[in-house]
Amino acid sequence: MKRALKIIGILIGLLVLAVGGFAAYIALKGIPHYPVNMPAEIASLQVPRDSVRVARGAKIATLLCNECHRGKDGRLVGIIMADVPKEFGTIASYNITQDPVHGIGAWSDGELYYFLRTGIRKDGSWAPPYMPKFPLMANEDVYSIIAWLRSSDPILAADLRENPPNNPNFLVKFLSNTVFNPPPLPQQTIAIPDTANQVAFGRYVADALCACYGCHSADFKTMDIQTPENSAGFYGGGNPVLDKEGRTVPSANITIDKETGIGNWTQQQFYEAVKFNKNPRGGPLYYPMFPHTTLSDTEVNAIWAYLQTVPPIKNQIKRFALSD
Ligand code: HEC
Ligand code: HEC
């Protein structure tokens with residue numbers, strides 16, 4: 001008996017040492033670096049900066065980039081993001097204006113493409129999960145973002161401001177060394193599905209382009225960006241996302257469950273909620289839900305069609321109210 005206790009004691013001791021050692025290793029290692037394996041056709045990529053691509057890129061940016069990178073004066077100079085959960089430490093986005101030193105003016109199109117897909121920069125450093133990666137986005141849409149980043153949009157004009165200080169904490173380092181890895185480059189060219197196939201097109205807009213499921217699943221920590229439907233609580237809501245004052249605004253269940261989701265909504269109610277943040281119960285929908293005014297009617301209606309095919313989840317959300 002005594003001997004068994006002693007062995008158990010030693011085992012526990014070893015376990016504590018191993019856990020402590022792993023923690024110290026992660027704290028020292030920080031955010032991992034990765035080898036840069038850029039295929040020749042990406043290294044030499046040159047995206048035409050035509051007005052159609054620039055306009056499409058600007059539209060995507062209003063949905064995907066500006067909210068995180070926009071300073072008080074509207075320029076994309078990077079900010080300390082008050083709406084990143086405190087459990088991740090103090091997180092800042094970066095200056096992505098065209099200044100070659102303080103911004104991304106010196107990056108090649110290929111470097112931007114590789115970074116947007118994988119999060120890996122040319123020096124091998126990796127952007128942690130709070131900078132999204134876009135492994136499922138159509139090539140044309142990634143090209144459009146790049147064309148826009150090079151455009152004369154005034155919010156991108158070269159700006160000398162330094163990146164705000166960024167202090168990811170142990171949890172970010174831990175997650176970046178364990179659960180989250182750079183997604184691989186797509187093996188084939190990804191095309192935008194035909195709008196005639198409403199469900200496939202809606203799935204593309206919701207999952208690959210706007211990543212609606214990220215906020216609308218259980219938690220960012222269990223989000224699966226390569227296979228979105230494997231994210232815990234896919235579209236069942238409850239992710240405790242924050243507003244700009246740091247208050248928790250749980251995301252809504254937007255599966256078609258009739259009791260706890262949007263199964264009793266009309267298509268028009270959905271359209272007005274997504275496009276204009278109108279809450280059919282009265283009043284607005286609260287940030288970080290934002291009005292997706294730049295989505296076309298075809299796109300919003302396709303998301304609706306797609307959501308009809310997503311398995312319903314019963315999950316009653318305690319909604320944010322201003323009096324909370
Ligand atoms: C949820 C917030 C968020 C969104 C949305 C977002 N970013 Fe970022 N971005 C960040 C953060 C935070 C960093 C800093 C990452 C790091 O610490 O390595 C960053 C870094 C970058 C960098 C690297 C800059 C450098 O100097 O290393 C580029 C380029 C970039 N973002 C472009 C974009 C584009 C283009 C979009 C839209 C398609 C976008 N970001 C959307 C938060 C965001
Ligand atoms: C940055 C996080 C975020 C993103 C991205 C996001 N949402 Fe939301 N959404 C929320 C939050 C939080 C709420 C709840 C707001 C509230 O309670 O007032 C919400 C509410 C909603 C509602 C209202 C549901 C209800 O029961 O009131 C709909 C519909 C909706 N979102 C659809 C979408 C769609 C479609 C997309 C993608 C095009 C999307 N959302 C992207 C965070 C987000």
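In listed order, ligands and their atoms are each counted from 1. What you see is a predicted model; the values in this text were computed from it and never measured.
At the top of the distance list for atom 18 (O) of ligand 2, counting protein heavy atoms only, stands Y286 N, 2.8 Å. Looking only at heavy atoms of the protein, atom 21 (C) of ligand 2 is closest to H216 CE1, 3.4 Å. What sits closest to atom 14 (C) of ligand 2 on the protein, heavy atoms only, is P250 O, 3.8 Å. At the shortest separation from atom 36 (C) of ligand 2 among protein heavy atoms lies C212 SG, 2.9 Å. The single protein non-hydrogen atom nearest to atom 5 (C) of ligand 1 is L64 O, 2.8 Å, given as residue, atom name and distance. Counting protein heavy atoms only, atom 17 (O) of ligand 1 is closest to N166 ND2, 2.8 Å. Among all non-hydrogen protein atoms, the one lying nearest atom 22 (C) of ligand 1 is F115 CE2, 3.3 Å. Taking atom 3 (C) of ligand 2 as the reference point, the nearest protein heavy-atom neighbour is C215 SG, 2.8 Å. Remark: minimum distance from atom 42 (C) of ligand 1 to any protein heavy atom is reached at Y130 O, 3.6 Å. Atom 26 (O) of ligand 1 has Y94 CD1, 3.8 Å as its closest protein atom, hydrogens excluded (heavy atom only). Of the protein's heavy atoms, C68 SG, 2.7 Å lies nearest to atom 1 (C) of ligand 1. Among protein heavy atoms, the minimum distance from atom 12 (C) of ligand 2 is reached at V249 O, 3.4 Å.
Of all atoms in ligand 1, numbered sequentially from 1 with element shown, those under 4.0 Å from a heavy atom of A127 are 15 (C), 18 (O). Listed by atom number, the atoms of ligand 1 under 4.0 Å from M81 heavy atoms are 2 (C), 12 (C). Near V241, the atoms of ligand 2 lying under 4.0 angstrom from a non-hydrogen atom of the residue are 12 (C). Listed by number with element, the atoms of ligand 1 under 4.0 Å from a non-hydrogen atom of F134 are 38 (C).
Remark: among candidates K318, M289, K278, K275, the nearest residue to atom 10 (C) of ligand 2 is M289, based on non-hydrogen atoms. The closest non-hydrogen atom to atom 27 (O) of ligand 1, taken over K122, R121, H102, comes from R121. When M131, E111, M137 are checked for heavy-atom proximity to atom 39 (C) of ligand 1, M131 turns out nearest.
In Y235, neither the side chain nor the backbone holds a heavy atom less than 4.0 Å from any atom of ligand 2. Proximity of I254 to ligand 2, defined as any heavy-atom pair under 4.0 Å, is confined to the side chain (atoms from C-beta onward). Residue contacts with ligand 1 for A92 involve N, CA, C or O but no side-chain atom from C-beta outward (heavy atoms, distance under 4.0 Å). When non-hydrogen atoms are compared, ligand 1 lies under 4.0 Å from the side chain of L116 (C-beta onward) but not from its backbone. Within the 4.0 Å heavy-atom criterion, neither part of A206 lies near ligand 2.
Heavy-atom minimum distance, I104 versus I96: CG1-O, 3.6 Å. In terms of heavy-atom proximity, I31 sits nearest to W126 at CG2-O, 3.3 Å. Residue T118 comes nearest to P182 through the heavy atom pair O-CB, 3.5 Å, listed as atom of the first residue, atom of the second, then distance. Closest approach of M137 and I145 over heavy atoms only: SD-CD1, 3.8 Å.
Using a 4.0 Å heavy-atom cutoff, Y287 is absent from the residues neighbouring ligand 2. Not close to ligand 2: G237, with no non-hydrogen atom less than 4.0 angstrom away. For E67, the heavy-atom gap to ligand 2 stays at 4.0 angstrom or more. At least one heavy atom of P128 sits less than 4.0 Å from an atom of ligand 1.
In this structure, H216 and Y235 have parallel ring planes: the angle between them is below the 30° cut-off, well short of the 60° mark. Relative orientation of the F234 and Y213 rings is tilted, given thresholds of 30° and 60° on the angle between their planes. Classified by interplanar angle (parallel below 30°, tilted 30° to 60°, perpendicular above 60°), the ring pair W304/F270 is tilted.
Heavy atoms from other residues, nucleotides or ligands lying under 6.0 Å from CD of E41 number more than 12.
Counting only N and O atoms by type, the side chains of T97 and N95 include a donor and acceptor under 3.5 Å apart. For T195 and T298, the side-chain atoms include no donor-acceptor pair closer than 3.5 Å. Under the 3.5 Å distance criterion, with hydrogens and angles disregarded, a donor-acceptor pair is assigned to the side chains of Y271 and D297.
Taking a cutoff of 4.0 Å between a charged side-chain nitrogen and a carboxylate oxygen, D123 and R121 do not qualify as a salt bridge.
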Exercise. For salt bridge (charged side-chain N to carboxylate O under 4.0 Å, His left out), just list the numbers for R161 and D99, CA-CA rounded to whole Å, side-chain angles, deciding distance to a tenth of an Å, and then say yes or no.
Key: CA-CA 9 Å; R161 271 169 280 183; D99 185 78; over 6 Å; no
Practice problem: Evaluate salt bridge (charged side-chain N to carboxylate O under 4.0 Å, His left out) for K275 paired with E299, printing each intermediate quantity in order. | Solution: CA-CA 10 Å; K275 235 173 138 143; E299 287 166 330; over 6 Å; no
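Between R281 and ligand 2, a contact under 3.5 Å exists for at least one N or O pair. Polar contact check, N279 against ligand 2: no nitrogen or oxygen pair lies under 3.5 Å apart. In terms of polar-atom proximity, H69 is counted as a contact of ligand 1, with an N or O under 3.5 Å from an N or O of the ligand. At least one N/O-N/O distance between R319 and ligand 2 falls below 3.5 Å. When only interatomic distances are considered, the shortest N/O to N/O separation between W126 and ligand 1 does not fall below 3.5 Å.
N167 places no side-chain N or O within donor-acceptor distance of the main-chain N or O of G89, the cut-off being under 3.5 Å.
Residues I60 and L116 share a hydrophobic cluster, clusters being chains of Ile/Leu/Val/Met/Phe/Trp/Tyr side chains in contact below 4.5 Å.
For C65, every N, O or S atom stays at 2.8 Å or more from atom 8 (Fe) of ligand 1. Among the atoms of S93, no N, O or S atom falls under 2.8 Å of atom 8 (Fe) of ligand 1.
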